[in-house]
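Shown next, in structure tokens, is the structure this report addresses.
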Amino acid sequence: MNQVKQIYKVLLKKYGPQGWWPLLDVKGTNPTKTGSIQGYHPNDYSYPKTKLQQWEIIVGALLTQNTSWPQVEKSLINLKKQNLLNYKITNNDLEKIKECIKPSGYFNQKSERLISLAQWYQELKHTPTRDELLSQKGIGPETADSILLYAFKELQFVIDSYTKRIMKNLELIPNDAKYDEVKNLFESNFEKDFKLFQEYHALLVEHAKNYYTKKKSDSLLNVILK
DNA sequence: TTCCAGGCAATAC
DNA sequence: GTATTGCATGGA
């Protein structure tokens with residue numbers, strides 16, 4: 001078995017299925033998550049079930065940029081209470097949206113980007129291509145892949161800073177590895193199944209949350225893999 | 001007080 | 001093409 005598959009196996013055994021992407025109105029639970037909404041749905045890959053849930057994932061993907069998820073949850077709940085967690089928002093809602101999403105930071109940028117994204121999403125009549133997503137302001141490679149993988153169930157592996165950190169620490173990628181290079185490593189050494197892609201990315205995040213910061217790195221995986 | 005969080009875009013070199 | 005900087009809140 002290659003190392004990409006081995007890491008997945010180890011993480012799944014350690015943490016169990018993560019139930020991503022979390023959704024406000026989903027009842028599923030994940031006991032490994034603390035202080036969070038109960039929106040995780042382990043072993044259920046059927047979400048999103050509605051266009052509104054799909055939009056909620058897009059909003060969460062944008063808001064979580066360089067921001068911790070609990071802060072995003074607060075923003076999502078604020079938006080929901082103000083009836084602004086939908087894709088019919090307009091510039092008239094700008095100030096209210098800013099107030100709602102303050103907990104997740106960069107609220108001036110993110111509020112404008114949310115509104116322009118909503119306009120784009122409302123007119124969307126098909127699954128967007130990766131390039132279409134990347135052409136939207138506020139959507140870079142990670143956000144595009146998160147949206148494609150979790151909102152549209154497309155086969156795109158998500159690479160975030162945690163994933164790079166783990167792979168560098170294991171010396172499976174060079175220090176200056178580019179996004180597409182890391183992505184290709186996973187996509188060409190792992191089963192091509194969107195459910196497994198969803199699970200693997202979530203597991204990498206969960207593991208890194210527990211063992212990594214920008215400065216610290218873990219030894220658990222290193223020991224197992226060597 | 002300092003560091004950090006599920007990045008991105010604009011600018012500088 | 002690569003490196004740097006601004007964006008912002010709140011928890012540890």
Side-chain angles (χ1 to χ4, degrees), chain A residues 7 11 15 17-24 30 32-37 39-41 47 56-79 94-117 120 130-151 156-169 174-183 186 197-218:
Chain A
I7 295 168
L11 294 178
Y15 299 107
Q18 295 299 299
W20 276 37
W21 189 278
L23 289 160
L24 291 181
N30 185 330
T32 69
K33 300 287 190 299
T34 55
S36 74
I37 56 171
Y40 296 89
H41 41 87
Y47 294 99
E56 183 183 325
I57 293 172
I58 294 171
V59 175
L62 187 88
L63 294 183
T64 198
Q65 291 168 358
N66 209 35
T67 304
S68 67
W69 185 256
Q71 298 297 103
V72 177
E73 288 180 347
K74 291 175 193 166
S75 296
L76 291 174
I77 290 166
N78 290 341
L79 287 169
L94 182 59
E95 293 308 316
K96 280 195 287 182
I97 290 172
K98 282 186 183 180
E99 283 306 308
C100 289
I101 70 172
K102 266 190 180 172
S104 41
Y106 308 133
F107 59 87
N108 289 308
Q109 292 183 349
K110 286 176 176 175
S111 55
E112 292 193 354
R113 290 169 183 181
L114 264 189
I115 290 168
S116 69
L117 256 190
W120 166 81
R130 194 166 186 272
D131 283 341
E132 279 179 301
L133 278 164
L134 290 173
S135 72
Q136 297 303 309
K137 193 155 288 186
I139 298 188
E142 186 197 335
T143 308
D145 288 334
S146 289
I147 290 170
L148 287 169
L149 181 61
Y150 290 101
Q156 303 284 345
F157 206 96
V158 180
I159 305 301
D160 64 341
S161 59
Y162 283 147
T163 305
K164 279 188 184 171
R165 221 172 280 169
I166 291 170
M167 299 307 272
K168 281 179 194 174
N169 185 239
N175 276 327
D176 60 350
K178 299 287 180 355
Y179 186 96
D180 288 340
E181 182 182 348
V182 186
K183 178 171 166 158
F186 282 93
F197 276 28
Q198 290 187 348
E199 200 61 73
Y200 201 166
H201 171 65
L203 284 165
L204 286 164
V205 172
E206 179 62 22
H207 179 61
K209 276 181 179 171
N210 291 330
Y211 290 94
Y212 284 73
T213 69
K214 277 186 177 174
K215 294 280 180 185
K216 292 180 190 171
S217 60
D218 142 73

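So you know, we letter chains A, B, ... as the sequences are listed, proteins then strands, and number each from 1.
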**Q.** B:dT11 and C:dA8, which share atom name P, separated by this distance in whole Å
**A.** 15 Å

Q | Between A:Tyr179 and A:Asp145, a side-chain donor and acceptor under 3.5 Å | A | yes

Q: Evaluate the ring planes of A:His201 and A:Tyr150, with Trp represented by its six-membered ring, and classify them as parallel (under 30°), tilted (30 to 60°) or perpendicular (over 60°).
A: tilted

Q. Roughly how far, to the nearest 0.5 Å, is OG1 of A:Thr64 from CG of A:Asp160?
A. 9.5 Å

Q: Tell me, please, the opening and closing nucleotides of DNA chain C, 5' to 3', among those with an atom under 4.0 angstrom from a non-hydrogen atom of chain A.
A: C:dT2 to C:dG11

(Q) Could you tell me how far B:dC3 sits from C:dT5 if I compare only their P atoms? Round to whole Å. (A) 15 Å

Q. Roughly how many Å is it from CH2 in A:Trp69 to C1' in B:dC4, rounded to a whole number?
A. 18 Å

Q) Is A:Lys164 touching bases, backbone alone, or none of the nucleic acid, heavy atoms closer than 4.0 Å? A) nothing

Q) Looking at CG of A:Asn108 and CD of A:Glu112, how far apart are the two atoms once the value is rounded to the nearest 0.5 Å? A) 7.5 Å

Q) Excluding sequence neighbours, so at least two apart, what forms side chain to side chain contact (heavy atoms under 4.5 Å, CB included) with A:Ser111? A) A:Leu94, A:Ile97, A:Lys98, A:Ile101

(Q) Show me the pairs that pass salt bridge (Lys or Arg N to Asp or Glu O under 4.0 Å) and involve residues 199-211 of chain A, at least two apart or across chains. (A) A:Lys33-A:Glu206

Q. Who pairs with A:Glu142 by salt bridge (charged side-chain N to carboxylate O under 4.0 Å, His left out), at least two apart in sequence or on another chain?
A. none

Q) Can you tell me how far P in B:dA9 sits from the matching atom in C:dG10, rounded to whole Å? A) 24 Å

Q.
For nucleotides 8-13 of chain B, give me one character per nucleotide, 5' to 3': B if any protein heavy atom sits under 4.0 Å from the base, S if the only such contacts are to the sugar-phosphate, - if neither.
A. SSS---

Q.
Please tell me whether A:Gln109 and A:Lys137 have a donor and an acceptor in their side chains that are separated by less than 3.5 angstrom.
A. no

Q: Assign A:Ser161 to base, sugar-phosphate, or nothing according to its heavy-atom contacts below 4.0 angstrom with the strands shown.
A: sugar-phosphate

Q | Contacts of A:Gln136 that satisfy side chain to side chain contact (heavy atoms under 4.5 Å, CB included) - sequence neighbours left out | A | A:Leu117, A:Trp120, A:Ile139

Q) OH of A:Tyr106 versus P of B:dC4: gap in Å, rounded? A) 13 Å

**Q.** Whole angstrom value for the distance that separates P of B:dG7 from CG of A:Leu133
**A.** 17 Å

